[in-house]
Q: 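Sharing a structure below in structure tokens format, with a few things to ask.
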Amino acid sequence: MAKNLVIVESPAKAKTIEGFLGKDFLVKSSFGHVRDLSKATLSIDVDNGFIPNYEVPADKKKVIDDLKKAAKSAEVIWLASDEDREGEAIAWHLAEALNLDQAKTKRIVFHEITKTAILEAIQTPRTIDQNLVNAQQARRVLDRLVGYELSPLLWKKVRPALSAGRVQSVAVRLIVERENEIREFITGSYFKVTALFEVEKEGKTHTLKAEIPAKLQQSEEAESMLEKAKDAVFTIEEIKTVPAKKSPSPPFTTSTLQQEASRKLSFSVAKTMMIAQQLYEAGKITYMRTDSVNLSGMALSMAKEEITRAFGEKYVKTRNYTTKSKGAQEAHEAIRPTYLNSPEIKGTADQRKLYDLIWKRTIASQMGDAQLEKTTVSISGTGIKESFVATGEVLIFDGFLKVYLESSDDEDDEIQKGVLPPLTKGMVLNNREVLATEKYTQHPPRYTEASLVKKLEELGIGRPSTYAPIISTIQKRQYVVLETREGVPRDYRVMILKSKKIHKEVKQEITGYEKSKLFPTDIGSLVNSFLVQYFLNILDYNFTANVEKKFDEVAAGNVVWNEMIREFYTPFHAQIADTQEKSKKVSGEKLLGLDPVSGKNVFVKIGRYGPMVQIGETDSEEKPRFAGLLKNQSIETITLEQALELFSFPRLVGVYKDKEVTVSIGRFGPYVKYDGAFFSLKKTDNPLEVTLERAIEVMEEKILAEKNKLIRDYPENPEVRVLNGRWGPYISIAKANYKIPKGVEPSSLTLQDCLKIAAAAGEQEDKPKKTRKKK
DNA sequence: CAGTGAGCGAGCTTCCGCTTGACTT
């Protein structure tokens with residue numbers, strides 16, 4: 001048995017390190033945290049110093065048993081979890097849960113996974129930093145108190161099974177408030193004037209595009225400018241050339257990787273993390289959950305070597321970046337390729353794409369600035385007050401641009417950038433045409449997954465390991481939805497001056513197209529307004545940043561953790577109790593108007609089953625009528641007319657083969673009913689407008705799918721069938737379903753094969769699965 | 001590429017951060 005046991009957080013890291021340390025060292029992994037507050041109850045003794053009640057979760061019991069065994073036979077146990085608040089706490093929980101002998105236990109940290117760094121760490125062990133551990137306990141306890149006292153309040157005052165927390169509630173608030181801004185935004189229009197000139201030089205004709213920088217508010221202004229341009233003589237008034245430079249972006253952190261993979265590769269945040277994890281486990285990249293932009297000395301020298309080899313020495317410029325994000329803990333390096341001399345790797349297409357991005361970003365970060373020359377040309381026209389401006393850019397030295405350029409979120413329409421034709425001051429230009437185009441002001445953009453992560457990071461909310469889960473949590477709770485919405489056509493006016501004639505046109509563009517954006521739901525808006533009304537202090541965008549400062553004080557040993565928590569909890573708990581007592585149950589009820597048929601009030605509100613319309617009063621003698629809102633409707637935007645339409649279900653759409661075809665709304669959304677059978681409508685179908693033709697199409701589609709569903713059946717045992725399902729082929733026996741092993745052709749399965757697979761799966765059933773704990 | 005097509009009830013639900021599998025009907 002090895003004399004030394006090293007415990008790290010990640011198994012992939014353990015594997016690498018074991019290679020460095022030799023036979024005397026056994027390296028194992030804790031798989032993250034090993035203890036936590038019990039989930040079933042608050043698990044904090046609020047009356048006695050907020051003592052936490054920790055337990056080893058069911059899925060960690062095996063890890064602990066395993067580590068205990070290894071620790072028993074080791075002479076020294078090295079706790080090598082990350083050097084941040086959570087890592088320190090993991091080391092402490094390990095010492096506690098494993099019952100480690102203090103004399104045999106050493107705490108070490110390292111920032112890069114290299115042999116030298118690790119051997120150095122072994123030479124300089126320390127003890128567990130209890131202040132840092134206490135800062136983590138304060139963080140953990142505060143989050144539990146906030147989450148487990150706010151959520152039950154929502155169950156009472158809004159709807160069961162909702163949730164609130166320090167992080168998720170702020171994420172939802174950002175999305176709700178952005179949507180409110182968009183709803184209140186008033187679109188304006190203005191005119192932009194551009195001109196095309198011709199430049200004759202050495203027998204060749206070049207085109208020069210220039211614009212008036214100002215926005216013209218009225219179409220009359222634009223038209224009069226075009227009138228004046230009819231007979232104007234255009235001359236180059238001034239040419240200004242200034243040098244400029246562009247610098248590369250720092251290497252990737254989790255958040256910037258998620259943003260760039262979203263912009264350049266259209267990956268979701270979750271997909272990026274999944275593929276990065278695969279690359280990490282294959283040893284291709286360093287750790288993917290990090291907030292640091294720092295590269296190790298070894299990485300820097302590898303980068304230098306690779307840049308020299310690939311592009312030449314003059315492209316090298318090694319740099320040290322410092323993090324700007326709030327609350328960064330920098331326990332790891334930036335995300336970079338393990339071997340910078342491998343620009344390409346083997347793997348799936350997605351793995352190669354993400355790796356390529358990481359390689360380029362890392363290499364570019366150590367390359368020289370791009371040197372540019374920016375030229376601005378002013379062109380005056382006789383009789384026209386404003387000057388036209390043309391800009392051009394010449395690349396003197398490409399530097400890092402040879403490899404990589406960061407994308408930007410806002411796709412501003414750029415005017416001509418590039419090489420300008422040869423021009424001289426005083427030159428008279430031939431005007432080919434002048435164009436006045438109507439443009440519209442734009443509302444602030446909705447968040448994408450990645451831009452939300454960026455915003456949260458700016459606010460210091462959430463950690464690299466939680467950005468992806470936050471996005472999935474707020475969707476799972478149905479506070480927000482990720483949606484792509486089609487745009488609608490919009491007219492815009494254009495005036496063209498050509499050959500001394502002004503020609504007017506109305507053209508169309510598509511506006512409002514939203515690709516994979518986050519929209520708040522009605523319940524999301526309602527919960528947010530409740531929380532903002534009663535708990536603005538928690539929903540404050542600076543709440544996290546402020547408590548982080550206090551955690552830092554705890555870590556520095558200046559503040560006692562449970563006193564800090566008491567100071568927070570006493571007023572917070574009073575606030576909970578007060579709201580419990582004083583606030584009414586909220587439903588977001590809104591009066592839309594009167595029903596012209598019955599003369600009764602029409603309300604929209606959130607009911608037990610979601611947003612709905614109600615005709616008549618709740619406490620009236622005659623029961624009110626109810627109807628659920630459709631998927632794309634919201635109580636914020638629905639009109640009285642749309643609300644009343646919802647009462648037209650079930651709607652007869654026609655008669656098919658002597659039987660009625662109706663459309664209705666059920667528990668699981670809109671459906672077609674025909675001859676006692678049900679057929680779900682697609683998301684894109686509007687149940688109010690579905691025609692008989694479309695209904696028949698939907699029915700036929702389903703019948704066809706049913707037909708394709710059966711891969712094989714067995715006359716000797718009709719209970720056994722091989723079927724096509726949502727996740728691919730499977731075996732169905734009586735009511736139970738079974739997975740088909742990999743590499744087996746479903747249509748080749750015999751009855752015996754199926755029964756064997758079922759029997760084998762049955763045995764597995766007895767294995768200890770998720771044991772549901774009581775208490 | 002599934003399949004389900006209401007409506008009392010009693011009892012359940014929930015946080016954030018660390019880390020990977022297990023296991024999919």
Side-chain angles (χ1 to χ4, degrees), chain A residues 8-14 29-37 39-44 57 59-60 62-63 81-82 84-90 93 136 139-156 159-169 274 277 280-281 287 289 329 331 461-467 469-470 473 477 544 607-609 612 626 628 650 664-673 676-680 701-702 704-711 723-732 735-740 761 764 767 769-770:
Chain A
V8 295
E9 290 175 42
S10 136
K13 201 166 163 181
S29 153
S30 76
F31 297 84
H33 272 294
V34 291
R35 294 203 308 183
D36 192 16
L37 298 171
K39 245 169 110 158
T41 60
L42 185 66
S43 304
I44 296 164
D59 58 331
K60 285 293 162 64
K62 232 189 121 208
V63 176
S81 45
D82 298 342
D84 57 9
R85 201 162 64 202
E86 298 297 328
E88 202 67 20
I90 288 173
H93 278 300
Q136 193 275 346
R139 199 280 304 155
R140 181 67 192 90
V141 165
L142 180 125
D143 281 338
R144 172 55 69 90
L145 290 171
V146 170
Y148 271 44
E149 296 216 347
L150 274 183
S151 302
L153 191 61
L154 292 180
W155 305 343
K156 271 214 181 99
R159 201 168 82 176
L162 295 173
S163 69
R166 172 177 60 84
V167 171
Q168 59 168 286
S169 297
M274 189 184 80
Q277 176 89 32
Y280 168 66
E281 283 171 13
Y287 197 58
R289 290 185 278 261
Q329 310 211 356
I461 296 171
R463 303 278 312 130
S465 67
T466 61
Y467 294 138
I470 291 166
T473 302
R477 300 265 171 273
T544 291
R608 264 189 90 159
Y609 306 102
M612 62 173 197
F626 299 103
S664 210
I665 315 272
R667 239 203 316 173
F668 312 102
Y671 63 94
V672 176
K673 195 172 175 189
F678 300 90
F679 308 86
S680 285
E701 260 171 43
K702 183 170 174 192
L704 187 71
E706 285 286 321
K707 232 167 89 191
N708 288 337
K709 196 178 143 189
L710 184 70
I711 298 175
L723 301 172
N724 250 324
R726 186 181 170 190
W727 295 294
Y730 67 100
I731 301 167
S732 163
K735 283 265 154 134
N737 298 318
Y738 304 92
K739 200 163 93 174
I740 295 172
Q764 298 240 321
K767 267 189 8 189
K769 289 203 292 188
K770 274 187 267 168

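So you know, we letter chains A, B, ... as the sequences are listed, proteins then strands, and number each from 1.
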Q: When rounded to the nearest 0.5 angstrom, what is the spacing between CZ in R139(A) and CZ in R144(A)?
A: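 Going from CZ on R139(A) over to CZ on R144(A), the span is 11.0 Å.
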
Q: Would one find more than 12 heavy atoms of other residues, nucleotides or ligands at under 6.0 Å from atom NZ of K673(A)?
A: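 No, not enclosed.
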
Q: For S163(A) and for P464(A), find the nucleotide of DNA chain B with the closest heavy atom, then tell me which residue's nucleotide is more 5'.
A: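 Upstream on the strand: S163(A).
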
Q: How close or far is atom C1' of dC12(B) from atom OH of Y148(A), stated in whole angstroms?
A: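 Roughly 13 Å, once rounded to whole Å.
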
Q: Starting at the 5' end of DNA chain B, which residue's closest nucleotide do you reach first, G147(A) or Y280(A)?
A: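 In this pair, the answer is G147(A).
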
Q: Using atom P in both nucleotides, what's the gap between dC1(B) and dG21(B) to the nearest angstrom?
A: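 Looking at atom P only, dC1(B) and dG21(B) are 31 Å apart.
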
Q: So what does P469(A) touch, heavy atoms closer than 4.0 Å: a base, only the sugar-phosphate, or nothing?
A: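 P469(A): no heavy atom of the nucleic acid under 4.0 Å.
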
Q: Nearest to the side chain of A161(A) - dT13(B), dT14(B), dT19(B)?
A: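 Nearest nucleotide to the side chain: dT13(B).
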
Q: Return the value, rounded to whole Å, for the distance between atom CD1 of I90(A) and atom P of dC16(B).
A: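 Result: 18 Å.
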
Q: Considering only side-chain heavy atoms of D84(A), which listed nucleotide, dT14(B), dT20(B), dC18(B), is closest?
A: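 Shortest atom-to-atom distance from the side chain points to dC18(B).
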
Q: Where the side chain of R166(A) is defined as all heavy atoms beyond and including C-beta, which of dT13(B), dC16(B), dC15(B) is the nearest nucleotide?
A: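 The listed nucleotide nearest to R166(A)'s side chain is dC16(B).
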
Q: Can you tell me which nucleotide in dC16(B), dG5(B), dG17(B) comes closest to the side chain of Y671(A)?
A: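 Comparing dC16(B), dG5(B), dG17(B) against the side chain of Y671(A), the answer is dG5(B).
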
Q: Measure the distance from CG on L142(A) to P on dT14(B) and round it to the nearest whole Å.
A: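 It works out to 20 Å between those atoms.
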
Q: Send over the distance from R35(A) CZ to dC18(B) P, rounded to a whole Å.
A: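 After rounding, the reported distance stands at 18 Å.
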
Q: Closest approach to the side chain of P11(A), judged atom by atom: which nucleotide of dC15(B), dT20(B), dC18(B) is it?
A: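 My answer, after comparing the listed nucleotides, is dT20(B).
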
Q: Considering only heavy atoms and no angle criterion, is a donor-acceptor pair shorter than 3.5 Å present between the side chain of R463(A) and the base of dC18(B)?
A: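 By the distance-only test, no, there is no pair.
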
Q: Without swapping roles, check the side chain of T473(A) against the backbone of P469(A) for a donor-acceptor pair under 3.5 Å.
A: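 A pair under 3.5 Å: yes.
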
Q: Between P on dT14(B) and CG on D143(A), what's the gap in Å once rounded to a whole number?
A: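 One finds 16 Å between P of dT14(B) and CG of D143(A), rounded.
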
Q: Which part of the nucleic acid, if any, lies within reach of E149(A) when heavy atoms closer than 4.0 Å are counted: base, sugar-phosphate only, or nothing?
A: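 Counting heavy atoms under 4.0 Å across all strands, no contact is made by E149(A).
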
Q: Sticking with atom P, work out how far dT25(B) lies from dG3(B), rounded to a whole angstrom.
A: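 One P to the other, the span is 15 Å.
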
Q: Taking the minimum atom-to-atom distance to the side chain of E9(A), which one of dC15(B), dT19(B), dG17(B) wins?
A: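 Of the candidates, dT19(B) comes closest.
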
Q: Is the side chain of S151(A) donor-acceptor paired with the backbone N or O of A164(A) at a distance under 3.5 Å, no angle test?
A: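 Confirmed, S151(A) side chain pairs with A164(A) backbone.
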
Q: Just the rounded figure in Å: distance from P of dT20(B) to CG of D36(A).
A: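 Checked: the CG to P distance equals 17 Å.
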
Q: Using the six-membered ring for Trp and the full ring for Phe, Tyr or His, decide whether W155(A) stacks on the six-membered base ring of dT13(B) (centres under 5.5 Å, planes under 30°).
A: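 Stacked: centres under 5.5 Å apart, planes under 30°.
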
Q: Rounded off to whole Å, could you give me the NZ-to-P distance for the K156(A) and dT14(B) pair?
A: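 From K156(A) NZ to dT14(B) P: 17 Å.
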
Q: Of all the nucleotides listed (dT13(B), dC18(B), dT14(B)), which has the minimum atom distance to the side chain of Y287(A)?
A: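 So the side chain of Y287(A) is nearest to dC18(B).
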
Q: Which is true for G32(A) with a 4.0 Å heavy-atom rule: it touches a base, it touches only sugar-phosphate, or it touches nothing?
A: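 Base contact - G32(A) has a heavy atom under 4.0 Å of at least one base atom.
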
Q: Using 4.0 Å as the upper bound for N to carboxylate O, is an ion pair formed by D82(A) and R289(A)?
A: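 Not counted as a salt bridge, because no side-chain N and carboxylate O are separated by less than 4.0 Å.
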
Q: Could you state the CZ-P distance from R159(A) to dT14(B), rounded to the nearest angstrom?
A: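 Result: 13 Å.
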
Q: What I want to check is whether an N or O donor and acceptor connect the side chain of S680(A) with the base of dG3(B) at under 3.5 Å.
A: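 Such a pair does not exist between side chain and base.
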
